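Data block below; observations after.
A note on names: the letters A, B, ... follow the listed sequences, proteins ahead of strands, and every chain is numbered from 1. As the structure is a computational prediction, the values presented were derived from the model and not from experiment.
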Amino acid sequence: MQITIEVNNRKIKAEKGETILSALNRNGILIPTLCRMRDFTPTGACRMCVVEVEGRDRLVTACSQPVEEWMRIMTHSQRVIRSRKTIVELLLSNHPDDCLYCNRNLNCELQRLAEELNINERRIRGKKIQMRLDQSSHSVVRELSKCILCGRCIRVCDEIVTATTLGFLNRGKTAHVGTAMDRDFNFSSCLNCGQCILVCPTGALHEKHNTTEVMESLNRDNVTNVICYSPAVPCAVAEIMGLKYSKEFDLVLNAVLRQIGFDKVYNCGFATDLYIDKAARSLYSSVKEGRRETTYLSACPAWLKYAEQKLPGEIGSLSTLKIPQQIAGAIVKGVVAEDISGGNSEIFTVSVTPCTGMKFESRRDGMTRKGVSDIDAVITVTELSRLIRLFGVDITSPSGEPADAPMNIRSSSALLTEVSGGYTEAIVRSLMHLSGSGEPEKKIFRKLRNNHGFRDLSLAIGDEQYSFAIVDGLHSLERLNAEISGGKSYDIVEVMVCPSGCVHGGGLAFFSSKEVLRTRARQIYATEESEAVNTASRSPALLSFYEEYGDFSDERGEILHTKYNARDVLL
Amino acid sequence: MTDSVEKIVSSYKSGRREDLIPILQKIQEAVGYIPEEAIVAIGNKLKISTTKIYGLATFYDQFRFFPQGKIHITICNGTTCYINGASDVIEAVREFVGTEPGDTSRDKLFSYEVTTCVGGCHSSPVILVNGEYHAPVTPESISEMLSKLRVVIENE
């Protein structure tokens with residue numbers, strides 16, 4: 001039902017039951033917000049969005065107050081502006097004046113608010129916060145001195161990730177965001193997914209930077225520098241650089257990476273194809289033999305850590321295949337090392353991913369052989385885009401170059417895995433190929449692509465019936481458990497911790513609307529359609545790799561597998 | 001886990017978040033502090049994350065996470081004691097024990113905390129040593145008393 005309210009002496013239409021803020025935004029009146037996150041319950045904690053409502057003594061938070069018929073609202077009166085300004089001035093009073101050296105310089109919500117509210121002198125002087133810098137995690141750095149206690153990271157960790165790693169500790173001036181027993185991140189239940197980084201308005205949470213070691217390695221002699229990038233990376237780099245993504249951009253990125261100085265450029269999508277092929281083959285053969293058991297895909301590092309610490313009973317059901325990034329590392333260092341070393345004594349493998357959890361994954365037990373790690377450094381897409389700018393590469397100029405053999409080509413299935421549901425779709429395609437039942441119809445996947453949260457799919461491939469379940473965002477695990485306890489059983493369960501999958505990874509560019517996520521997914525689907533090879537098991541690079549080096553179904557296959565152990569952390 | 005913690009936790013119903021503070025208080029009373037395993041046990045019982053329990057417990061001054069020292073000093077910092085020089089008393093104790101309020105000294109002999117009114121305003125500033133009132137005190141008298149106490153307990 002529509003009602004009319006009066007805002008700044010102008011009548012506007014509002015829906016009954018919506019908040020003042022959403023009514024204002026729809027009518028083109030912008031109000032600064034800080035602690036607000038779209039699609040979350042409002043907390044009204046920061047009081048940035050206050051407005052004056054006639055008849056009320058106190059200012060009202062627009063983000064949490066529903067509109068009512070009688071309301072006469074002033075959004076930018078002197079009192080309101082002064083109040084907002086004071087809040088930001090108080091936040092700045094004890095904030096370290098570190099902007100020039102800050103990770104979020106020019107991209108910081110607090111900085112932007114200060115600028116928007118015309119704060120140009122230091123009116124309030126406070127004692128600077130001196131809290132510890134937590135660099136213990138491989139993935140997430142916590143700079144408590146920059147934290148403004150908005151609580152967004154806590155809410156995303158509770159409601160979306162459901163790891164409940166973060167909470168407010170202590171009270172008053174010692175209050176801060178921390179983990180159980182105030183431990184550092186490496187001893188906590190943190191999944192390294194990086195969702196908290198994406199919502200942090202300041203530089204208090206950011207990914208751990210590995211660019212320094214990458215640059216050091218690029219400058220060393222006798223080192224073969226290898227880089228492999230996940231299928232989503234070209235798409236994400238294009239987004240950061242403001243370009244439109246198409247499949248040609250993969251080739252451009254190869255050229256860009258070579259310009260930066262990498263000797264070998266690999267497409268990690270090859271390893272994804274290998275992963276899909278192996279997973280599909282093992283499912284196909286076990287079902288053929290009549291063995292039906294649920295396998296949880298091991299393609300999300302945050303999910304793996306979650307399973308290890310929270311679901312020790314399910315560890316046996318996790319697929320033992322390594323994450324594609326680690327498969328690529330194992331192939332570089334364990335299979336093709338001699339071919340590519342070119343007389344150099346060392347190979348340095350760098351991986352670019354949209355995921356902060358991969359930094360942790362590359363340091364996991366079992367990801368080294370003879371003391372040499374498979375992947376030496378993992379950088380996120382944001383770090384890569386910084387490298388590209390640092391090395392002065394004009395991303396619009398180079399013409400495309402192919403990646404290096406053997407990991408030069410990926411199927412379009414590999415690209416698809418970057419959106420949640422993609423692994424399932426890719427495995428279905430491979431299963432159809434294996435059972436000789438031709439191309440899948442597009443409409444069976446529509447259900448997988450549209451819903452978010454939990455969805456399942458059951459279909460006949462060849463002579464057998466297969467069922468799949470997809471979870472994105474761990475809050476949907478409940479739905480999975482309900483379905484399983486309701487008697488359903490699944491052959492493959494694909495779990496992604498980040499909602500929508502890797503296109504929402506913690507190492508990607510910051511964004512504030514779901515529209516960006518949808519655009520990313522749409523771009524991937526569109527590019528996927530334009531590519532020729534859409535089945536992982538039919539990828540020409542994979543087939544020629546099998547021909548040259550064998551298909552790793554013998555004991556050499558152990559380099560593709562790992563094992564998981566229960567993890568003792570405070571939950 | 002100590003038996004007393006287990007006994008206290010098991011006497012409550014599962015999944016009732018409102019029982020959190022009473023459980024914490026009972027454990028503190030029985031054990032003297034909130035041990036880590038107690039937080040885990042409460043978390044399992046009430047289905048609350050340990051982070052949230054720790055966050056709540058650190059919000060209130062009454063909960064401690066380390067065992068008390070053999071000598072536990074409570075310093076009153078209520079209005080009257082504050083006016084009569086409790087800050088100097090706190091400073092003297094801090095210097096003697098060598099820790100912040102709420103912590104326990106490394107040799108586990110001394111711990112202290114700062115609290116609001118203990119009801120001895122007429123002879124402030126007041127401190128409690130293992131529950132026993134001493135008033136009025138001065139920074140000098142406290143240092144002297146604590147030095148004597150240290151000799152006594154070290155010889156025990």
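In this structure, CZ in A:Arg171 is found 8.5 Å from OH in B:Tyr60, a value given to the nearest 0.5 Å. For the atom pair A:Leu166 CG and B:Lys52 NZ, the distance stands at 7.0 Å (nearest 0.5 Å).
Using a 4.5 Å heavy-atom cutoff, the side chains of B:Thr50 and A:Arg183 are not in contact.
When each of A:Ala180, A:Ser189, A:Ala163 is checked for heavy-atom pairs under 4.5 Å with chain B, A:Ala180 comes out on top.
Environment of CD in B:Glu18: crowded, with over 12 heavy atoms of neighbouring residues, nucleotides or ligands closer than 6.0 Å. Crowding of B:Arg17 atom CZ: a count of heavy atoms from other residues, nucleotides or ligands under 6.0 Å not exceeding 12. Within a 6.0 Å sphere centred on CD of B:Gln62, heavy atoms belonging to other residues, nucleotides or ligands number more than 12. When the shell of 6.0 Å around NZ of B:Lys7 is examined, it contains 12 or fewer heavy atoms from other residues, nucleotides or ligands.
If you measure heavy-atom distances from B:Ile39 to chain A, the contacts under 4.5 Å come from the side chain alone. Neither the backbone nor the side chain of A:Ser188 comes within contact range of chain B; no heavy atoms are under 4.5 Å apart.
Listed here is the closest heavy atom pair of B:Thr51 and A:Leu169: O-CD2, 4.2 Å.
Paired with B:Tyr54 under the rule side-chain contact (heavy atoms from CB on, under 4.5 Å), one option of A:Asn170, A:Leu570, A:Asp182 passes, and it is A:Asp182.
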